[in-house]
Amino acid sequence: MVLITLVSSDEQNFPVERELLKQSGTIETLIVNMNLDDEDTDAAAMPIPLPNVKGDVLEKVIQWMEHHKGDPVKEGDNEDNNAEIVVPQWDDDFFKPAMYGSKHLELTVAASYLDIKNLLTLSCKAISNTFKGKTGPQIREEWGVPNEFTPEEEEAIRKENEWSE
Amino acid sequence: MSAPEAGKRVDEETTGPEVVDRKEDGEDTASPSQANVKEADEETFPAQTVDSEETAADETNSEIPSLLSLPRELLSHIFTFLPLEDRMRARVNKLLSDIESSSKYYLDTVSVQEPSTATISRPMRKCPLECIDRIADRTTAQWFEIMMPGSDKDIIKSSVKYSIFSRINFSRITLKFRGSFVGQEFMKDEPLLLNELSKKGNFLDFGPFLTEDQIHQIYKNILDGSMRVRHLMIRGIPTGTRLAFLDLIGITFVNSEVRWDRDFQVYKTSYCQTHDRFDVFAGRLQISFDDDTSSKYDYGVSIILHPTEQSKLEAVHVAQKDSAFRNNL
């Protein structure tokens, strides 16, 4: 089994199975650029720095990739059916403990930076699920979003949304 | 030193002194956007470095809550997962409201048949016409169904419905009028409309308001492939219009017999004594029409350019089965 070492922004080393890293477009590009797939290259001696991902986030990313090893990678950015996507139970359990905090948001940013399409999709879908059926004040409270609207603007939006409540 | 285990962090004890924890060095890598992350959260999971990303919150507020610390691009992406009603309710902040106002909507169906209400799916629900008007420029519907109102074309033109009709994107459109005369007047007044609809939709589904020349124009659009339209269906067409259109494309229809000056197959697939249906195939083209001898109106005409030979063969197979069923009656 070929291992490739990823180095987080806080300089923690993570040896990861080569096969898993195919899920990340960013890392795949780095592997190609660094010739790490060449037989003559000593991959173990050439760690890949990931200066935008901290160690504890990278650990979660690797955990997620291990569970999804071999899954087909989503092609393109087709948004047509995004509202229909369902977060599988394992992923829901994986995301839930960190929801409403920075941990899940950081995982989402890392999925975007590392170009792990399936993780980004499911992570964003999990966040969007927290909005479902909630009122404006509930969303603000749960996600700590400030209300910058004037009372008049607030009332106009409330009236526009009456049908949806 | 033993070999590292895949996927596990290699800590200082196993990797030696080259592993440096920047925090221990006193180097603060957290961006300003992370300073306000909830205290409890920081204890278990220190904020991530996203220095290179411009966060959405940077644009709005120095008191940055965690959700708004996401880059705007990611917030926009999150909105694409929300159905219409949830996205409307998610406008809880100026930034999020701005993101909603630029986000795109993909709906299965948008049906506008009542004066002030639309029905959308999925999930299926009713919403005010003003809501569809608000998002029409940014909406693509698989199937857009609209019943145009009134008996006066000026009312039609000034209505919210007309505005939605001209702005929404769709794959299939069902266009109906309250009265075929209104539809004919409307089409006369909008000579470019059929071309516009042929460019936007691949399936045009109309009531009985087109003339034979207008049907012929769409037929040519279907055949030359220069526009998106590949399927036209006209419901309740007057028999005279149907015969005149067939004549324009060289098909003669006399005594329930189809003649055409090109290679074609025809199947008679009717279900009752007064009503015959004919499926005519030529190349990948399929023209289906009804001949109702008891009325001045036929059920309809359908023109399809099949995308592949396989889909044409499947349609031929269905016609053959229906024809065999009819012959055994």
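Just so it is clear: chains get the letters A, B, ... in the order the sequence lines come, proteins before strands, and each one is counted from 1.
- The shortest side-chain heavy-atom distance between A:Cys124 and A:Thr108 falls under the 4.5 Å cut-off.
- The side-chain contact (heavy atoms from CB on, under 4.5 Å) with B:Tyr106 is formed by just one residue from the set B:Thr140, B:Asn169, B:Thr139; it is B:Thr140.
- Looking at A:Gln12 and A:Glu59, their side chains never come closer than 4.5 Å, going by heavy atoms from C-beta outward.
- A donor-acceptor contact closer than 3.5 angstrom links the side chains of A:Asn82 and B:Thr80.
- Side-chain contact between A:Leu58 and A:Ser8 is present, with heavy atoms from C-beta onward closer than 4.5 Å.
- Within residues 85-92 of chain B, the residues approaching chain A closer than 4.5 Å by heavy atoms are, in numerical order, B:Glu85, B:Asp86, B:Met88, B:Arg89, B:Ala90, B:Arg91, B:Val92.
- Per-residue counts of heavy-atom pairs under 4.5 Å with chain B were compared for A:Arg158, A:Glu154, A:Glu160; the largest is that of A:Glu160.
- For chain B, the nearby part of A:Glu84 is the side chain; its heavy atoms alone come within less than 4.5 Å.
- Enclosure of atom NZ in A:Lys132 by more than 12 non-hydrogen atoms of other residues, nucleotides or ligands within 6.0 angstrom is indicated.
- Heavy atoms of A:Thr121 lying under 4.5 Å from chain B belong to its backbone as well as its side chain.
- Heavy atoms closer than 4.5 Å to chain B are found in the side chain of A:Glu153, but not in its backbone.
- Heavy-atom distances place the side chain of B:Cys131, and not its backbone, under 4.5 Å from chain A.
- Both the sub-6.0 Å distance and the 45° axial angle are satisfied by A:Lys60 relative to the ring of A:Phe94.
- The number of heavy atoms from other shown groups lying within 6.0 Å of NZ (B:Lys104) does not exceed 12.
- Only the side chain of B:Ser97 comes within less than 4.5 Å of a heavy atom of chain A; its backbone N, CA, C and O stay farther away.
- Counting all heavy atoms, side chain and backbone alike, A:Trp64 lies closest to A:Leu119 at CH2-N, 3.4 Å.
- With a threshold of 4.5 angstrom between heavy atoms, B:Leu96 approaches chain A through side-chain atoms but not through N, CA, C or O.
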